[in-house]
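These notes concern the structure reproduced below.
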Amino acid sequence: MANSNLIAELQSRGLVAQMSSEDELMEHLEKGSVTLYCGFDPTADSLHIGSLVPLLTLRRFQDYGHKPLALVGGATGLIGDPSFKAQERKLNDDSTVAGWVDKLKAQVSQFISFDNGNNSAEVVNNLDWTRGMDVLSFLRDVGKHFSVNSMIAKESVKQRIDREGSGISFTEFTYMILQSFDFQQLNKSHGCTLQIGGSDQWGNITGGIELSRRMNGNQVFGITLPLVTKSDGTKFGKTESGTIWLDATKTSPYAFYQFWMSTADADVYKFLRYFTFLDVERIAEIEEEDKAAVGRPQAQGVLAEEVTRLVHGNDAVEAAKRITESLFSGDISQLSEADFEQLKQDGLPATQVPGDLSDTPLTTLLVDAGMANSGKQIKDALQRDAVIVNDRACGMSDNMSGNEIFSTEAGLFGKYFLVKLGKKKHHLFYL
RNA sequence: GGUGGGAUUCCCGAGUGGCCAAAGGGAUCGGAUUGUAAAUCCGACGCGAAAGCUUCGAUGGUUCGAAUCCAUCUCCCACCA
């Protein structure tokens, strides 16, 4: 069951950034099922793909027989983690955070199994053990174990302390103590001996290791996962249309699938190792095949399919693939009336054409539908023949002729208009 | 409590009376090239199809004219206590 191959596997996937007491940890993992935890703070009403790596790693541990605890930060979410953040964050009020906690619990639960014998997962909330604690006990029992000198020295808050024009409040500075306390508590109540987290969490994790040793007399461990970076240096997980969320109502499965489809070649094999459960050998094979082949690699398709399946399930993958195929195959005349209906169902963004367009320029219409942020962008596209309605390029001269373009006669099957803006943005209009 | 510094368009950051819708960089979007990739080049990037309209923490004021000067306020930061 439990064995050290897990660490070997994680390492071969590039998933280990740092480990505490490496040899002892290996030994510890070999002895049997270990209880480990990873925390997720409610900073929004959904997790985004940044949390995917730790989430999937919990699952990897569970697959090797260990028991994962997903900690939702009902308490820490009220404080805000300052680690490597350039600025103090504004506090969210507690009813908001409480609402987010519930959503995160549900999301987190998709990835780990709660019906797995004695290594079934559990979801815990750190508000449960911090809520009732009074200030004096906190300061005397917990705070006493922390040296401000060493806290200030942590890399994670360094820029906040050193950098001109920034600062850190006592509230955020205390975050480290709260998270350390979580680890110590879970060690005591659940026998939890390992914490995993992003590499930005190293300082907070080591704090917890210290505290568990001092308060519980137990040796516990930490592993951090690499920060996901892109080869071009831009931030992973964000596009102009915003963050890629795990919640299907915030980022549609189709958009989610597309996000992974446009992964750069330079990143895609790394991402396959991070974000999928495919064997490293299989991933290496894919890479070899792509290298040998001419043209577009298959890796992005595999990645998109695997990750979308993990997050949104099989049906969503099928739907996303259907849409992708019809839109990017280049031949929309192949689509049947039922296909259009299906596209709508599958989550291709769709808008009903308003009754009279004589006063509505295309710019306004497309901006209202959410295809661009301003009319200027549409104007730019129109001038470059980059707005395609049912395979017909529209120019600036068509701007005011919405009524003709979106007429019953012009529509496919009398009512559908597939509008393409640029190479990648598609939107379905219907009468 | 004291002293000093700051708040500029998505982000960073110039601008200290007219030439400012506001330099530069980043991000983003569109085009060419391509493979729904990267790199490169071109274009856009407050709102508006346009005429035009609205901005530089807030409110008032000085001025023919203010992001720039004055007053008050709000928030932030540093140092000292």
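Proteins come first, then strands; the chains are lettered A, B, ... in the order of their sequence lines, and each starts at number 1. Since we're looking at a predicted model, the values are computed, not measured.
- Between A:D398 and A:R392 there is a salt bridge, since at least one side-chain N of the basic residue sits less than 4.0 Å from a carboxylate O of the acidic one.
- Note on A:Q258: a base of the nucleic acid sits closer than 4.0 angstrom, heavy atoms only.
- Looking at heavy-atom distances under 4.0 Å, A:T324 makes contact with a base.
- The aromatic rings of A:W260 and A:F236 sit tilted, their planes meeting at an angle between 30° and 60°.
- The CG atom of A:L104 sits 10.0 Å away from the OG atom of A:S109 when rounded to the nearest 0.5 Å.
- Annotation: B:C29 and B:C73 have their C1' atoms spaced 40 Å apart (nearest Å).
- You won't find any donor-acceptor pair under 3.5 Å spanning the side chain of A:K235 and the base of B:U28, going by distance alone.
- As rounded to the nearest Å, B:G26 and B:C77 have P atoms that lie 30 Å from one another.
- Taking a cutoff of 4.0 Å between a charged side-chain nitrogen and a carboxylate oxygen, A:E9 and A:R13 qualify as a salt bridge.
- Using a 4.0 Å heavy-atom cutoff across all strands shown, A:A264 reaches sugar-phosphate atoms only and no base atom.
- Straight-line distance from the CG atom of A:L382 to the P atom of B:G48: 13 Å, rounded to whole Å.
- Backbone-only contact: A:K379 has heavy atoms under 4.0 Å from sugar-phosphate atoms and none from a base.
- Pair check for B:G60 finds B:C70; Watson-Crick or G-U wobble, both atom distances under 3.5 Å.
- Look at CG on A:D380: it is 5 Å from C1' on B:G30, rounded to the nearest Å.
- Residue A:D265 places a side-chain atom within donor-acceptor reach of the base of B:G35, judged by atom type and a 3.5 Å distance cut-off alone.
- The C1' atoms of B:A67 and B:G17 are separated by 11 Å, rounded to the nearest whole Å.
- For the C1' atoms, the distance from B:C76 to B:C69 is 24 Å, rounded to whole Å.
- Here B:G43 sits opposite B:C29 as a Watson-Crick or G-U wobble pair (both hydrogen-bonding atom distances under 3.5 Å).
- A:D232 comes within 4.0 angstrom of the backbone, heavy atoms only, and of no base.
- To the nearest 0.5 angstrom, A:C38 atom SG is 4.5 Å from A:I196 atom CD1.
- Of the candidates B:G31, B:A49, B:G48, B:A49 carries the atom nearest the A:N399 side chain, counting heavy atoms from C-beta on.
- For A:T363 and B:G48, the shortest distance from a side-chain N or O to OP1 or OP2 is not below 4.0 Å.
- For A:T234, no side-chain nitrogen or oxygen approaches OP1 or OP2 of B:A27 to under 4.0 Å.
- The interatomic distance linking A:D368 (CG) with B:C47 (P) rounds to 14 Å, in whole Å.
- Nucleotides B:U28 and B:A39, compared at atom P, are 10 Å apart to the nearest Å.
- Salt bridge status for A:D45 with A:K250: present, with a side-chain N to carboxylate O gap under 4.0 Å.
- Straight-line distance from the CZ atom of A:R384 to the P atom of B:C45: 11 Å, rounded to whole Å.
- Between A:E305 and A:R309, at least one side-chain nitrogen of the basic residue sits less than 4.0 Å from a carboxylate oxygen of the acidic one, meeting the salt-bridge criterion.
- Remark: C1' of B:C10 and NZ of A:K376 are 16 Å apart, rounded to the nearest angstrom.
- Atom name P, nucleotides B:C10 and B:G48: the rounded distance is 14 Å, in whole Å.
- Taking the C1' atoms as reference points, B:A66 lies 24 Å from B:G24, given to the whole Å.
- Considering only the side chain of A:S374, B:C47 comes nearest among B:U36, B:A49, B:C47.
- Across all strands shown, B:U55 forms no Watson-Crick or G-U wobble pair with both distances under 3.5 Å.
- Using N1 to N3 plus N6-O4 or O6-N4 for Watson-Crick, or N1-O2 and O6-N3 for G-U wobble, each under 3.5 Å, B:C75 pairs with B:G6.
- As rounded to whole Å, 14 Å separates atom P of B:A37 from atom CZ of A:F259.
- Looking at which nucleotide of RNA chain B each of A:M400 and A:A372 is closest to, the 5′-most match is held by A:A372.
- Toward the 5′ end of RNA chain B lies the nearest nucleotide of A:S231, the other residue of the pair A:S231 and A:T364 mapping further downstream.
- Salt-bridge formation is not detected for the pair A:K85/A:D81: no Lys NZ or Arg NE/NH1/NH2 atom is positioned less than 4.0 Å from an Asp or Glu carboxylate oxygen.
- Base-pair partner of B:G1: B:C80 (Watson-Crick or G-U wobble, both distances under 3.5 Å).
- Between the side chain of A:K321 and the base of B:U36, no donor-acceptor pair of N or O atoms lies under 3.5 Å.
- Rounding to whole angstrom units, NZ of residue A:K85 and C1' of B:C11 are separated by 17 Å.
- The same atom, C1', is picked in B:A37 and in B:A51; the two are 43 Å apart, to the nearest Å.
- Dashed line: the shortest gap from a side-chain N or O of A:K425 to OP1 or OP2 of B:U36 is not under 4.0 Å.
- Which of B:C29, B:A49, B:G35 sits closest to the side chain of A:M396 comes down to B:A49.
- In this structure, of B:U36, B:C29, B:G30, it is B:U36 that holds the atom nearest to the side chain of A:R296.
- Side-chain atoms of A:Q300 lie closest to B:G35 of the nucleotides B:G31, B:G48, B:G35.
- Distance A:I168 CD1 to B:C77 C1': 14 Å, rounded to the nearest Å.
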